[in-house]
Each structure stands twice: as structure tokens, then as C-alpha cells.
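Dumping the structure here so I can ask a few things about it.
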Amino acid sequence: MTNFINILKEQIKVELEDMAGAGRLPAGLDLDRVAVDPPRDPAHGDVATNAALVLAKPAGLKPRALAEELAGRLARRAGVSAAEVAGPGFVNLRLDDPFWHARLRDILRAGPAYGDSGVGRGVVVNVEYVSANPTGPMHVGHGRGAVVGDALAALLEKAGHTVTREYYVNDAGAQVDALAWSSYFRYLEALGATISPETFAGLCPGGELQYRGEYLIPVGQELVQKYGDSLARRGEDGEWEGKAAEEWLAPLRAVAVARMMALIRDDLAALGVRHDLFTSERELVEGGAVERAVEALKARGLVYTGVLEAPKGKVPEDWEPRPQMLFRATQFGDDVDRPLQKSDGSWTYFATDIAYHHDKFRRGFKAMINVWGADHGGYVKRMQAAVKAITGGEGALDVKLCQLVSLLRGGEPVRMSKRAGTFVTLREVIDEVGRDVVRFIMLTRRNDAPLDFDLDRVMEQSRENPVFYVQYAHARCRSALRHARALFAADELSPERLAEAAPVARLTDPGELALIKHMAGWPRVVESAAEAHEPHRVAFYLYDLAAAFHGLWTRGMDDATLRFIDAADRDRTAARLALVQAVATVIASGLRIMGVTPVEEMR
RNA sequence: GCGCCCGUAGCUCAGUUGGAUAGAGCGCUGCCCUCCGGAGGCAGAGGUCAGGGGUUCGAAUCCCUUCGGGCGCGCCA
């Protein structure tokens with residue numbers, strides 16, 4: 001257990017139980033509401049508990065009297081230098097220097113595993129993210145979801161969860177058909193046909209040529225290689241419309257989807273994002289998963305045929321009431337019951353999505369997290385309702401909605417238009433600023449807050465740029481350790497050796513102790529961020545840690561006695577190098593969750 | 001019309017499973033440094049946590065309500 005707060009919480013509970021045993025408190029008090037936290041204001045000590053406030057009423061005692069007794073007991077504990085009653089009945093604990101020195105050794109001994117937690121032990125969780133439609137390259141918005149999902153998965157792993165990272169491939173449905181048609185246009189082009197986009201669009205269902213990007217040109221070429229002109233001849237026969245199209249569209253669809261997924265996988269690789277599993281919607285549907293899911297719902301009496309009211313406000317033009325197969329979503333907190341079938345009898349996307357989540361549950365996942373774009377917000381309730389229903393209440397779905405990313409350059413919005421060909425892809429951004437920058441920036445805002453991504457600002461070397469600031473702190477640590485090689489052998493500087501041999505008791509400067517305290521808070525950050533499913537907290541923590549470290553470093557520029565390396569005092573230098581090594585360890589540990597490389601030097 | 005998200009310093013944002021005097025960066029004001037372990041330091045001003053009501057020993061945080069912004073609302077995924 002590396003979270004020192006938990007250690008103290010245990011001690012406090014022991015004291016409370018002891019007080020109950022001594023008749024000072026009623027037996028059997030509920031201690032769940034007893035909180036132990038570091039206070040915001042350092043003047044209130046290192047740790048505070050509200051135990052007396054929470055227990056006063058059920059115990060029939062005055063908060064301050066209860067607090068006095070608890071404080072008196074805690075003050076005798078090792079490591080506690082002072083226990084004071086403050087305010088309405090808080091007990092503030094001050095921990096002595098040796099306590100903090102021991103925490104520093106903890107960090108060095110644990111190394112990269114420092115901050116690992118057991119709160120998620122035994123919890124198997126599925127994190128689904130990206131799931132961009134295979135209809136083109138990824139854009140910046142997809143990139144945000146990719147980073148948030150990937151970092152969340154890593155965070156949960158650090159907190160002890162068993163995580164599967166999953167991508168849902170929407171390779172069925174109208175969008176993919178539209179992709180196939182658009183690919184057919186490129187196919188005809190590759191054959192040398194001179195048909196204009198407008199003429200061709202008239203032949204497409206809906207009269208629209210949806211995907212005009214050049215990335216489909218290689219798809220057309222591949223189709224020619226594979227099928228020669230055989231697909232075109234079918235067209236001449238006038239069999240483009242109706243069901244006949246369904247048959248000859250299949251190879252187009254298959255080739256196009258495969259190509260698009262290859263494109264997307266390349267983009268993901270460039271971002272350093274990986275998935276354990278790609279699940280195909282088409283395979284799921286063809287395998288009968290939808291029927292299976294609907295049967296499961298029917299068995300619970302949650303499916304019926306009914307007529308929905310027209311939505312208020314914006315009513316679709318062709319709205320008409322008609323009976324549909326509906327899922328009783330209202331029984332699980334949704335606002336209306338939701339259709340499972342379209343009017344032509346095929347399944348709605350919702351139905352296949354229920355099947356998909358049913359499938360996840362059948363694969364053993366009770367905890368599911370989906371990372372979606374904010375435009376899917378209206379879909380969350382029904383999906384959570386469906387998961388609750390189809391898992392008999394055993395499964396739970398959390399959805400993280402990612403708000404829009406606005407690309408800026410020097411404070412000015414980057415104009416993007418697919419039509420004008422000025423659309424900026426994720427890949428272009430990665431190529432310009434680098435993977436690490438993209439990943440870090442995507443985590444500098446809560447997922448549900450809009451994000452400004454300024455391509456100029458993120459390359460600045462200043463405190464305003466968190467990527468630089470955190471990287472620089474790590475690089476400075478490494479730099480100090482390299483300089484220390486003038487005084488120490490390499491193996492003397494290893495975290496293990498420093499943990500055992502460095503006289504860390506020499507660290508008495510308030511700035512040094514403050515840094516240790518900050519690092520001691522890392523396991524708690526991991527746990528709370530994992531519990532809240534909020535990876536951005538890691539970025540903010542690292543920024544604060546970097547600030548504390550830079551502050552100490554800078555003081556050494558004015559006051560030589562505070563510099564980390566002092567050739568005249570090997571012992572003190574070793575102690576400070578232990579501190580520096582620990583900072584590097586914690587920063588690297590946090591960056592690892594974010595998927596950002598901790599650099600050795602700034603260039 | 002309904003649902004979800006959001007509203008915190010001049011600006012951009014943290015802090016929300018209830019804790020004490022609400023924080024950071026930028027900007028602003030004043031002082032210091034001009035250093036090579038390069039790519040500053042210190043201090044200060046600045047807030048009705050959108051408004052109102054409620055629950056609580058205690059509310060930015062929970063509940064209700066009003067206002068303001070974003071997203072969504074059968075046969076798109």
C-alpha cells in the first residue's frame with residue numbers, strides 16, 4: 001500500500017474502534033463517512049479528518065470533545081508530530097520529517113510501479129474507444145477520443161483493473177453502402193471512364209456522391225486489379241438499382257472497408273494508440289447476435305409493438321405514426337421507449353448496438369466504458385438503459401463524451417472545409433507537432449469541455465505550454481543525474497541504491513519536503529482519477545508537480561546551497577539526487593499513463 | 001417542447017462521490033534577476049463559484065427553480 005492516506009485512515013479507524021471498545025463511543029458506528037484527506041490549506045497540516053464531525057451526532061457527543069480525544073490518541077502515533085483540533089471539529093495531523101523521508105524511499109523502491117493501486121483488483125473492464133466509421137482517415141476529433149480512451153485504459157490498469165481495449169467497426173449500414181458507391185466512382189475512374197461526379201451522383205441511392213476524398217482513389221485501383229472491368233459491366237446491364245445492387249456492392253464494400261481500416265490503423269499507430277480487439281458489426285449481425293439480444297429482451301418482457309408519438313420540436317418531414325418493435329427503455333430511466341426495427345423490417349442501429357453490448361457482457365464484461373463524441377450525447381440514456389436491461393442489472397455502462405476540438409494557429413481558427421480540400425486530418429497534425437504533443441494536449445481539458453488546440457502555442461517553450469513544462473522538468477532531472485556522474489558511479493545513482501544508501505534525512509528544506517509531499521499524493525491521484533474515469537487529472541497533477549520542481553531548481557540559481565549537486569558535500573548531494581530521481585520516476589509514471597514519452601533532454 | 005452537458009478571477013481553465021480563508025496559467029501592477037544547470041524569480045490587486053430557494057454542523061459540489069450557452073430528439077451511425 002503506497003497511498004499514505006490509506007495508512008493514516010487505517011490508523012484513525014483503529015483509534016475509533018479502540019475508543020468504542022473503551023466505551024468512549026457507542027459500538028457499531030458506521031465509519032463509512034469518515035473521510036481522511038490532505039487539506040487544501042497546508043496551514044491545516046498534512047492530513048485532516050472529519051471523523052468527529054461525522055460521528056458526533058450518532059454518538060451523542062460534542063464534535064470538539066470527540067475531536068480532542070481522537071487528536072490526543074493520534075498525537076502519540078509514530079510519524080505524527082502534531083494533532084490539533086480546528087474549526088468545528090476537524091482533526092489536523094502534522095507528520096514529521098522522518099515520515100516523509102520514508103515516503104521518498106517508498107517511491108525509489110517502487111520505481112515505475114509507484115502509484116500502482118489495488119482498487120481495481122478483480123475488476124474486468126471493457127473500454128471501447130475511437131470506433132470511427134471506416135469511411136475515411138481520422139480527424140482531430142477522433143484523435144481526442146483515441147487519446148482519452150487509451151489513457152483511461154492505462155489509468156485503470158495502473159489502478160489494478162483488468163482492461164480490454166476495444167474498437168467497434170461499423171462496417172454495416174448505410175454509411176458503408178455510401179462508401180461502396182463512392183468507391184465505385186473511383187473504380188470507374190480507374191478504368192478510364194469519363195463520367196462526371198454529378199452524373200454519377202444521380203445514379204447513387206439518395207442522389208448523392210458522399211465521399212469525394214482522394215483517399216478512395218487507391219480503392220478504385222485495387223478494385224480494378226482484383227476484378228478487372230467485371231463490376232462495370234454489371235452496371236451497364238442496368239442492374240444498379242434495387243436488390244441486384246446488394247450483391248455486386250458486396251465486393252466494393254469489402255475492399256473499401258478493408259482499405260479504410262488500414263488507413264485508420266495507420267493513424268492510430270502514428271498516435272501510439274493500440275487496441276486489443278476490433279469487433280466487426282457485420283460479423284456480429286451475420287452471426288445472429290441481434291436476434292439473440294432481442295430474444296433475451298423479449299424473454300424479460302421488455303419488447304412490444306407500439307406507436308411512438310412524433311418528437312416535439314423538430315419533426316422529421318416525412319413523419320408518420322406507424323407501429324414498431326419497441327424496447328421498454330422507460331423502465332430503466334430513459335424518456336421514451338426506443339425502436340428496434342426500421343419500417344422496412346431491418347434492425348435499427350440501436351438494436352445492433354444492444355447486441356454488441358450484450359456480446360461484451362457475454363464475454364465477461366460487467367463494467368463497460370464507451371468513449372464517444374459529444375454528438376452522441378442523446379444516445380447515452382437509452383444505451384445505459386439497454387445495458388441494464390439485457391444484463392439483468394449486472395452490467396453497467398459509463399459513457400465519456402468528448403467535446404469538440406478546435407484547431408487554431410496563433411490564436412486564429414484553422415478554417416476547415418471538406419469541399420475546399422482544406423480539411424486537416426489527425427495525421428497532418430501529428431506530423432506537424434508530434435505524437436507526444438497531440439497526446440498531452442488532448443488531456444489538458446476535461447473530456448466534456450471543448451478544447452482549443454493551437455498548433456503554434458503547443459510548440460512554445462514556456463510555462464504556458466504544459467507539454468513543454470512537464471517534459472522540461474523530467475529532462476532537468478535527467479540532466480542533473482547525468483551531471484552527478486562526475487561525483488558518483490552510475491550504479492550509485494540507481495533508484496534502488498539511492499533508496500537504501502542516500503541519507504535522505506538531510507532533506508530538510510521546506511521546498512524539498514513540499515516536493516516529497518506532492519509526490520506522496522500520486523497514488524491518491526491515480527486512485528481517484530481511475531474511480532472517476534478522468535485521465536485528464538494526471539495531466540494537471542504532473543503540471544503541478546513540475547511547477548514545484550522547477551521552483552526548487554530555480555532557487556538553486558540564486559542560492560548555491562540549494563543546488564542539487566554540491567561537490568563539497570557528497571552526502572547532501574546524494575540525498576538531493578534521491579529526490580531528483582524520485583521526481584523523474586513520478587513524472588515518467590504519469591506520462592506513461594498518458595502515453596507520452598519522458599524525454600532525456602530538450603532539443 | 002423534452003432530455004443531456006456546461007456556466008468558477010479581465011481571459012483560458014482546475015477544483016464537483018459535501019469540508020475550513022475557492023486555486024493555476026495568461027493578462028495587469030510593483031520589485032528582483034540578465035543567470036548557462038539556457039529557455040526567469042518574488043510580491044500584489046482581482047470572485048455574490050450565472051441568479052434564487054432548499055437539504056446539512058458545513059454546499060462551487062446534492063435537490064428544486066429561473067436565466068444564459070452547447071449537443072441531441074423514429075427509418076444516420
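The sequence lines fix the lettering, A, B, ..., with proteins before strands; numbering per chain opens at 1.
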Determine the contact category for A:Gly173: base if any of its heavy atoms lies under 4.0 Å from a base atom, sugar-phosphate if only primed atoms, P, OP1 or OP2 are that close, otherwise nothing.
->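 Counting heavy atoms under 4.0 Å across all strands, the contact made by A:Gly173 is with sugar-phosphate only.
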A:Asn170 side-chain proximity, nearest of B:rA77, B:rC75, B:rC26 |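 Selected nucleotide (nearest to the side chain): B:rA77.
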Flag the pair A:Tyr211 / A:Thr135 as yes when at least one side-chain heavy-atom distance between them is below 4.5 Å, and no otherwise.
->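 The answer is yes, as the side chains (C-beta and beyond) meet within the 4.5 Å cut-off.
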Rounded to the Å, how far apart are A:Phe327 CZ and B:rC75 C1'?
->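 It is 19 Å, rounded to the nearest whole Å.
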Taking the side chain from A:His474 and the backbone from A:Val599, do they hold a donor-acceptor pair closer than 3.5 Å?
->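 Indeed, once roles are kept as given, a pair shorter than 3.5 Å links the two residues.
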Quick one: which of B:rG72, B:rC76, B:rC6 gets closest to the side chain of A:Arg446?
->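 Among the listed nucleotides, the one closest to the side chain of A:Arg446 is B:rC6.
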Starting at the 5' end of RNA chain B, which residue's closest nucleotide do you reach first, A:Tyr543 or A:Asn447?
->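 Between the two, 5'-proximity favours A:Asn447.
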Side chain to side chain donor-acceptor pair (under 3.5 Å) partners for A:Ser131, two or more places apart |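 Once residues adjacent in sequence are excluded, the partners of A:Ser131 under the side chain to side chain donor-acceptor pair (under 3.5 Å) criterion are A:Glu128.
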Who pairs with B:rC36 - Watson-Crick or G-U, where each distance is under 3.5 Å =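 None - no nucleotide pairs with B:rC36, as no candidate has both distances under 3.5 Å.
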Expressed in angstrom and rounded to an integer, what is the separation of A:Arg338 atom CZ from B:rG74 atom C1'?
->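 The distance from CZ of A:Arg338 to C1' of B:rG74 comes to 9 Å, rounded to the nearest Å.
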Side chain of A:Asp448 only, please: which of B:rG25, B:rC5, B:rA77 is the nearest?
->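 Closest of the options to the side chain of A:Asp448: B:rC5.
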Give every pair of a protein N or O atom and an N or O atom of nucleotides 29-38 of chain B that lie under 3.5 Å apart, one pair per line with the distance.
unit_1 : atom_1 : unit_2   : atom_2 : d
B:rG37 : N7     : A:Arg563 : NE     : 3.4
B:rG37 : N7     : A:Arg563 : NH2    : 2.1
B:rG37 : O6     : A:Arg563 : NE     : 3.0
B:rG37 : O6     : A:Phe564 : N      : 3.4

Within the side chain of A:Asn447, is there an N or O that forms a donor-acceptor pair under 3.5 Å with the backbone of A:Cys402?
->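 Not a single qualifying donor-acceptor pair exists.
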Please give the nucleotide sitting opposite B:rG10 as a Watson-Crick or G-U wobble pair, both distances under 3.5 Å, or none.
->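 Per the H-bond distance test, B:rC26.
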5' priority, RNA chain B, between A:Gln175 and A:Lys57 [closest heavy atom] |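 Of the two residues, A:Lys57 wins.
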Using atom P of each nucleotide, how far apart are B:rG74 and B:rG3 to the nearest Å?
->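 Per the computed distance, 16 Å lies between those P atoms.
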With rounding to whole Å, what would you report as the distance between B:rU21 and B:rU17 at their C1' atoms?
->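 So the two C1' atoms sit 24 Å from each other.
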Nearest-Å distance for atom pair CG/P, residues A:Leu308 and B:rG74 |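 Between P of B:rG74 and CG of A:Leu308: 9 Å.
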Expressed as a whole number of Å, how far does the P atom of B:rC63 sit from that of B:rG72?
->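 Per the computed distance, 25 Å lies between those P atoms.
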Member of A:Arg576, A:Arg555, A:Arg572 meeting the salt bridge (Lys or Arg N to Asp or Glu O under 4.0 Å) criterion with A:Glu512 |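 Output: one option passes, namely A:Arg576.
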Hey, does the side chain of A:Asn92 reach the backbone of A:Ala48 with a donor-acceptor pair shorter than 3.5 angstrom?
->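 No; zero donor-acceptor contacts below 3.5 Å.
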Ignoring hydrogens and angles, tell me if any N or O in the side chain of A:Tyr129 forms a donor-acceptor pair with the backbone of A:Ile369 under 3.5 Å.
->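 Such a contact is absent between A:Tyr129 side chain and A:Ile369 backbone.
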A:His536 side-chain N/O to B:rG15 phosphate OP1/OP2 under 4.0 Å =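 Answer is yes, contact under 4.0 Å.
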Span that lies between the C1' atom of B:rC49 and that of B:rU16, in whole angstrom =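 So the two C1' atoms sit 11 Å from each other.
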With P as the reference atom in both, quote the distance from B:rU56 to B:rA9 in angstrom, rounded to an integer.
->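 Their P atoms lie roughly 30 Å apart.
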For a quick test of your reading: what N or O donor-acceptor pairs under 3.5 Å do the side chains of residues 30-39 of chain A make, sequence neighbours left out?
unit_1  : atom_1 : unit_2   : atom_2 : d
A:Asp30 : OD1    : A:Asp32  : N      : 3.0
A:Asp37 : OD1    : A:Arg524 : NH1    : 3.4
A:Asp37 : OD1    : A:Arg524 : NH2    : 2.9

Mark yes or no for whether A:Arg282, through its side chain, and A:Asp171, through its backbone, hold a donor-acceptor pair below 3.5 Å.
->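 Yes: the side chain of A:Arg282 pairs with the backbone of A:Asp171.
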Give A:Gln341 one of three labels, base, sugar-phosphate or nothing, depending on what nucleic acid heavy atoms sit under 4.0 Å from its own.
->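 Contact class for A:Gln341: none.
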B:rG46 versus B:rC5 - spacing of their P atoms, nearest Å =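 Here B:rG46 and B:rC5 have their P atoms 35 Å from each other.
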Residues two or more places apart in sequence or in another chain: which of them pass side chain to side chain donor-acceptor pair (under 3.5 Å) with A:Ser479?
->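 Applying side chain to side chain donor-acceptor pair (under 3.5 Å) to A:Ser479 gives none.
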Using atom types as modelled and distance alone, determine if a side-chain donor or acceptor of A:Arg537 lies under 3.5 Å from a backbone N or O of A:Ala530.
->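 Answer holds: no.
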Partner residues of A:Ala289 under the side-chain contact (heavy atoms from CB on, under 4.5 Å) criterion, sequence neighbours left out |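 By the side-chain contact (heavy atoms from CB on, under 4.5 Å) rule, A:Ala289 matches A:Leu284, A:Arg292, A:Ala355.
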Paired with B:rU21 by Watson-Crick or G-U wobble geometry, both distances under 3.5 Å: which nucleotide is it?
->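 When the pairing criteria are applied, nothing turns out to pair with B:rU21, so the answer is none.
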A:Tyr349 side chain, from C-beta outward: closest of B:rG25, B:rA77, B:rC4 =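 So the nucleotide nearest the side chain must be B:rA77.
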Sticking with atom P, work out how far B:rC28 lies from B:rG10, rounded to a whole angstrom.
->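 Approximately 15 Å lies between the P atom of B:rC28 and that of B:rG10.
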Using the C1' atom in both, what is the distance from B:rC76 to B:rG68, to the nearest Å?
->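 Going atom to atom, C1' in each nucleotide, I get 31 Å.
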Looking at the side chain of A:Tyr379, which of B:rA24, B:rC5, B:rA77 is the nearest nucleotide?
->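 Nearest to the side chain of A:Tyr379 among the choices is B:rA77.
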If B:rG3 has a Watson-Crick or G-U wobble mate with both distances under 3.5 Å, name it; if not, just say none.
->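 Paired with B:rG3, as far as the under-3.5 Å criterion goes, is B:rC71.
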Nearest-nucleotide pick for A:Arg322, side chain only, options being B:rG74, B:rG25, B:rC5 =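 Minimum distance to the A:Arg322 side chain belongs to B:rG74.
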Could you state the atom-to-atom distance from CD of A:Glu460 to C1' of B:rC26 in whole Å?
->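 Result: 11 Å.
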Each nucleotide N or O in nucleotides 19-23 of chain B that has a protein N or O under 3.5 Å away: list the pair and distance.
unit_1 : atom_1 : unit_2  : atom_2 : d
B:rG19 : N7     : A:Asn50 : ND2    : 3.2
B:rA20 : OP2    : A:Arg40 : NH1    : 3.3
B:rA20 : N6     : A:Asn92 : OD1    : 2.4
B:rA20 : N1     : A:Asn92 : OD1    : 3.1
B:rA20 : N1     : A:Asn92 : ND2    : 3.0

Between A:Glu534 (CD) and B:rA14 (C1'), how many Å, whole number?
->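 Going from CD in A:Glu534 over to C1' in B:rA14 covers 11 Å.
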Whole-Å distance between B:rA77 C1' and A:Trp372 CH2?
->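 From A:Trp372 CH2 to B:rA77 C1': 11 Å.
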Spacing between A:Phe468 atom CZ and B:rC26 atom P, to the nearest angstrom |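 Result: 13 Å.
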To the nearest Å, how far apart are A:Met383 CE and B:rC73 P?
->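 Rounded to whole Å, this separation is 17 Å.
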Using a cut-off of strictly less than 4.0 Å, decide whether A:Lys342 has a side-chain nitrogen or oxygen near OP1 or OP2 of B:rA77.
->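 For B:rA77, OP1 or OP2 has a side-chain N or O of A:Lys342 closer than 4.0 Å.
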